[in-house]
Amino acid sequence: TITSTKAVVLAVDTVNENLVEKTVILPRTYKDDHAIKKAITKLKLLPETMVVSKVKEAEESEKRYSMPEERFVAHADIID
């Protein structure tokens with residue numbers, strides 16, 4: 001089970017000088033809007049020319065994922 005946060009943000013497009021609404025999916029959950037903005041920047045979910053000015057909505061969700069064992073072994077990191 002994976003927990004993620006879907007956020008709708010208002011961002012400033014610094015090239016075209018206008019506001020745009022963007023929807024992003026973030027891994028994990030976040031304590032507040034500031035943490036969501038920081039994560040969007042850190043994970044580079046928007047182009048460098050866009051600056052998040054406001055988080056309009058945020059919704060957490062849990063989904064179950066699966067994959068064949070062969071694919072998991074091919075892509076997983078080994079933990080000692």
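Because only heavy atoms are used, hydrogens play no part in the values below, and waters and symmetry mates are left out as well, while side chains stay in. Numbers for residues simply follow the sequence, beginning at 1.
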Spacing of Ile25 atom CD1 and Leu43 atom CG [to the nearest 0.5 Å]: 12.5 Å
Drop me the distance from Ile36's CD1 to Glu57's CD, to the nearest 0.5 angstrom. 11.0 Å
Could you measure the distance from the NZ atom of Lys63 to the OG atom of Ser4? Nearest 0.5 Å is fine. 6.0 Å
May I ask you to decide if Arg28's main-chain N or O and Thr5's side chain share a donor-acceptor pair within less than 3.5 Å? yes
CE/Met50 to CG/Leu19 distance, rounded to the nearest 0.5 angstrom? 10.5 Å
Spell out, as yes or no, whether a donor-acceptor pair under 3.5 Å connects the side chain of Asn16 to the backbone of Asn18. no
Check: Leu10 main-chain N/O paired with Ser53 side-chain donor or acceptor under 3.5 Å: yes
Linked, directly or transitively: Val20 and Val51 (ILVMFWY side chains, under 4.5 Å): no
Indicate the atoms forming the closest heavy-atom contact of Tyr30 with Ala39, along with that distance. CE2-CB, 3.5 Å
Applying a strict under-4.5 Å side-chain criterion to I, L, V, M, F, W and Y, I'd like to know whether Val9 and Val12 cluster together. no
Find the distance between CG (Leu46) and CG (Asp13) and round it off to the nearest 0.5 Å. 10.5 Å
In Å and rounded to the nearest 0.5 Å, what is the CZ to CD distance from Arg71 to Glu69? 13.5 Å
